[in-house]
Amino acid sequence: FFPTVIAPATMPVCKVNIKWGKEKYDVEVDLAESGETLMGQVFALTNVPLERQKIMYKGKIIKEDTDLNSLKLKDGVTLMLMGSAGELPQEPAQKTVFVEDLTDTEAASFSSLPLGLENFGNTCYMNASVQCLRTVPELQSRVIRFSDEPAATTEGRTAKALGLLFRMLQDKSQAGAHSMATQAFLMALRNQVPRFQETQMGVPVQQDASECFSELFRALQTCKLDSGRSVVDAYFSIGQKVTMVNTEAPEEKTVTNEQQLQLSCHIDKEVGFMWAGIKAAMHESVEKMSAVLNRDAKFNKTIELARLPGYLVVNFVRFFFKRSTNMNCKITKDVKFSFSLDLHELCSDELKEKLKPMREKFLWHHEYEIDREASGKASEEDGKGKEKAQPGAAMEVDAEYEPFSFEDDEGSSNSGYYELQAVLTHRGRSSNSGHYVCWSRIKNSDDWVLFDDDTVTMKKREDIEKLSGGADWHTAYFLVYAPRRLPKITPAVQAAMDALKEKAAKAAESQKKDADEGASAAP
């Protein structure tokens, strides 16, 4: 026995005529569809928009929700169309290009992220160093101007090539130009430092980013400010007051002034924080020839900071030479670093006195902000100058802030307060192997950008906190601190700060008076 299968009924298709003015169209109509389908067919033939169409059959208007089967249409019937056609869409003036069809360089021009640097064979040490220096707007602008000036020395030619590279990185529209500029800079750097030309099996040898940093600073000594001072000395030089005292003959004491371009964080088993490593380098015992004793003797060496730079470089001394392997081996110990830094404690008494006025401004401006927040006076205007910058935005000197340098010392720090701006990290076991990258903070934001050669990605603050070491991960090698900026103080803000200061002075005076009266009343 076989059951009878009944096929489902199908709606017929009929051919009708659509009459529109003097025009006549033959249209196949599927009676299972609604009036909207028919109107779509009519639009394809006449370009009359659906909202303008009025299709009539036997005195009835066919609407979008009309069931066509209910009209009992037959082959050859005529439907009347009324309505004016719309203008045909114009072909776009510029051909549409999809992101998938772009080259990497062309795609980068549409990204909000800044440009990275191509690796030309173990050149990550150079790329990371350049990206760190690129975060210093004053240096970048001066080096770019220097690229238009003549250069007679190898160092000058390196600085000139770096200026051209900085300029190309600012203009994303020049596809491929920054790659050529990177190659030109690499050639100039290798001419300045022949050691960087070394190869093994035809492949360039990895170099130490610390040496690259030092060579870049040497090259940039040729870039002079209007004062005649080099941009490196102005913005990175640390003045040190060095006191040496003979432990056996204390009367033998010398005081000298020295200049350094970075602070060192020495790492040993006792150092778990960067601040401890920096302080340890300020006090040490050395052995040298004594003019009084006419023999070698131990001296206590004490360093006080006599000048603070606008931008501070801190070097983690993570590598040491191991004779058995003939390599610079790495200390992977976890050493925490801070996002904010205050060097006041390490300064000489003379410098502490000079820093006092600006530090007091920071203090009372902070009190002013607290008072405004507590009183509910804070408004959207408080965010002026603090808007989050786009990752690819040029880092410029913001006129909305108070100067961070002393008037008579361009590039110095007049407060001693710093904020972390860039981190150069190393991943690997030797300074001449592994991989270097740069992590750069976006201006006025807790967001960061990772420059891994030509790959650029967004990162968060918590990613930076993981760079302190302790494992085979990216480990902080160099830190670049920028000056903490104080918003421009208007007359109104200054008046409010003065009022708070006066109020605090009166409260302190009243408290002292009450204490004195209490002491005199005591039996």
Side-chain angles (χ1 to χ4, degrees), residues 210-211 213-215 217-218 220-221 227 229-268 270-271 273-320 335 337-338 341-356 358-359 405-406 408-418 477-481 483:
S210 175
E211 294 181 36
F213 235 95
S214 298
E215 293 296 340
F217 274 160
R218 185 161 70 90
L220 294 175
Q221 292 284 359
S227 62
R229 191 176 191 183
S230 79
V231 65
V232 170
D233 285 341
Y235 286 93
F236 292 92
S237 180
I238 305 168
Q240 296 183 339
K241 178 182 176 182
V242 182
T243 303
M244 303 278 284
V245 179
N246 190 329
T247 58
E248 299 179 50
E251 67 276 9
E252 186 177 6
K253 175 182 176 181
T254 59
V255 179
T256 58
N257 293 315
E258 298 179 2
Q259 301 290 326
Q260 299 291 338
L261 295 177
Q262 63 186 35
L263 289 181
S264 296
C265 173
H266 292 280
I267 302 174
D268 58 31
E270 304 296 332
V271 173
F273 294 89
M274 179 188 74
W275 183 246
I278 292 176
K279 288 185 68 176
M282 296 290 167
H283 303 277
E284 57 182 344
S285 178
V286 298
E287 188 171 316
K288 68 168 195 166
M289 182 65 181
S290 169
V292 173
L293 302 177
N294 199 29
R295 59 176 172 81
D296 287 345
K298 286 188 177 181
F299 286 76
N300 286 332
K301 179 181 178 181
T302 303
I303 299 175
E304 295 178 311
L305 303 184
R307 181 197 187 260
L308 296 180
Y311 293 85
L312 178 71
V313 177
V314 178
N315 174 24
F316 284 76
V317 186
R318 287 195 174 274
F319 296 98
F320 65 96
V335 179
F337 54 84
S338 57
L341 190 63
D342 181 6
L343 293 184
H344 183 265
E345 181 184 338
L346 305 181
C347 296
S348 64
D349 292 338
E350 295 83 1
L351 182 54
K352 286 179 180 178
E353 194 65 27
K354 286 184 66 178
L355 299 176
K356 188 180 294 184
M358 182 54 73
R359 291 176 69 86
S405 299
F406 292 111
D408 60 348
D409 189 0
E410 181 180 359
S412 63
S413 170
N414 57 13
S415 69
Y417 293 126
Y418 295 91
Y477 190 19
F478 275 90
L479 305 181
V480 179
Y481 284 89

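Throughout, numbering of the chain's residues begins at 1 and tracks the sequence.
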Chemist: What distance separates Leu341 CG from Tyr418 OH, expressed to the nearest 0.5 Å?
Modeler: 8.0 Å
Chemist: Please identify which of these residues, Met274, Arg318, Lys279, meets the side-chain contact (heavy atoms from CB on, under 4.5 Å) condition with Cys265.
Modeler: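 The side-chain contact (heavy atoms from CB on, under 4.5 Å) with Cys265 is passed solely by Met274 among Met274, Arg318, Lys279.
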Chemist: Rounded to the nearest 0.5 Å, what's the gap from CD1 on Ile238 to CG on Leu312? Could you check?
Modeler: 5.0 Å
Chemist: Look up atom CG in Leu355 and atom SG in Cys347, then write down how far apart they are to the nearest 0.5 Å.
Modeler: 5.0 Å
Chemist: By ring pair (Phe, Tyr, Trp, His ring centres under 6.0 Å), which residues pair with Phe236, not counting sequence neighbours?
Modeler: Phe217
Chemist: Can you tell if the side chain of Gln260 reaches within under 4.5 Å of the side chain of Gln240, non-hydrogen atoms only?
Modeler: yes
Chemist: Are Met358 and Phe406 packed together at the side-chain level, in the sense that at least one heavy-atom pair is separated by less than 4.5 angstrom?
Modeler: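 No; the side chains remain at least 4.5 Å from each other.
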Chemist: Please check if the side chain of Ser413 supplies one atom and the backbone of Leu308 the other of a donor-acceptor pair under 3.5 Å.
Modeler: no
Chemist: Test your reading of the model: is there a side-chain donor-acceptor pair from Glu252 to the backbone of Ala291, 3.5 Å cut-off?
Modeler: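 Checking the backbone N and O of Ala291 against the side chain of Glu252, a donor-acceptor pair under 3.5 Å is found.
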Chemist: Is there a side-chain contact between Asn257 and Lys241, using heavy atoms and a 4.5 Å cut-off?
Modeler: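 Touching, per the 4.5 Å side-chain cut-off.
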Chemist: Has the side chain of Asp268 got a donor or acceptor atom that lies under 3.5 Å from a matching backbone atom of Val271?
Modeler: yes
Chemist: With a 4.0 Å cut-off, would you call Asp233 and Arg307 a salt bridge?
Modeler: no
Chemist: Look at Arg229 together with Asp409 and state whether they make a salt bridge at an N to O cut-off of under 4.0 Å.
Modeler: yes
Chemist: Look up atom CG in Leu351 and atom CG in Leu346, then write down how far apart they are to the nearest 0.5 Å.
Modeler: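 That separation rounds to 10.5 Å.
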Chemist: Is a side-chain donor or acceptor of Ser348 paired with a backbone partner of Glu304 at a separation under 3.5 angstrom?
Modeler: no
Chemist: Is the count of non-hydrogen atoms from other residues, nucleotides or ligands lying under 6.0 Å from Phe273 atom CZ greater than 12?
Modeler: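 No - once you tally the heavy atoms of other residues, nucleotides and ligands closer than 6.0 Å, there are 12 at most.
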Chemist: Using a 4.5 Å cut-off on heavy atoms from C-beta on, say whether the side chain of Ser405 contacts that of Ser412.
Modeler: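 Result yes, sub-4.5 Å side-chain heavy-atom pair found.
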Chemist: Tell me whether the rings of Tyr311 and Tyr235 are parallel (<30°), tilted (30 to 60°) or perpendicular (>60°).
Modeler: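 Tilted.
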Chemist: Is there side-chain contact between Ile267 and Val317, with heavy atoms separated by less than 4.5 Å?
Modeler: no
Chemist: State, with a plain yes or no, whether a side-chain heavy atom of Trp275 is found less than 4.5 Å away from one of Asp342.
Modeler: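 No, their side chains stay 4.5 Å or more apart.
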Chemist: Within the structure provided, determine whether His266 and Glu284 are in side-chain contact (heavy-atom separation under 4.5 Å).
Modeler: no
Chemist: Is there side-chain contact between Lys298 and Glu248, with heavy atoms separated by less than 4.5 Å?
Modeler: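 Heavy-atom side-chain distance check fails, nothing below 4.5 Å.
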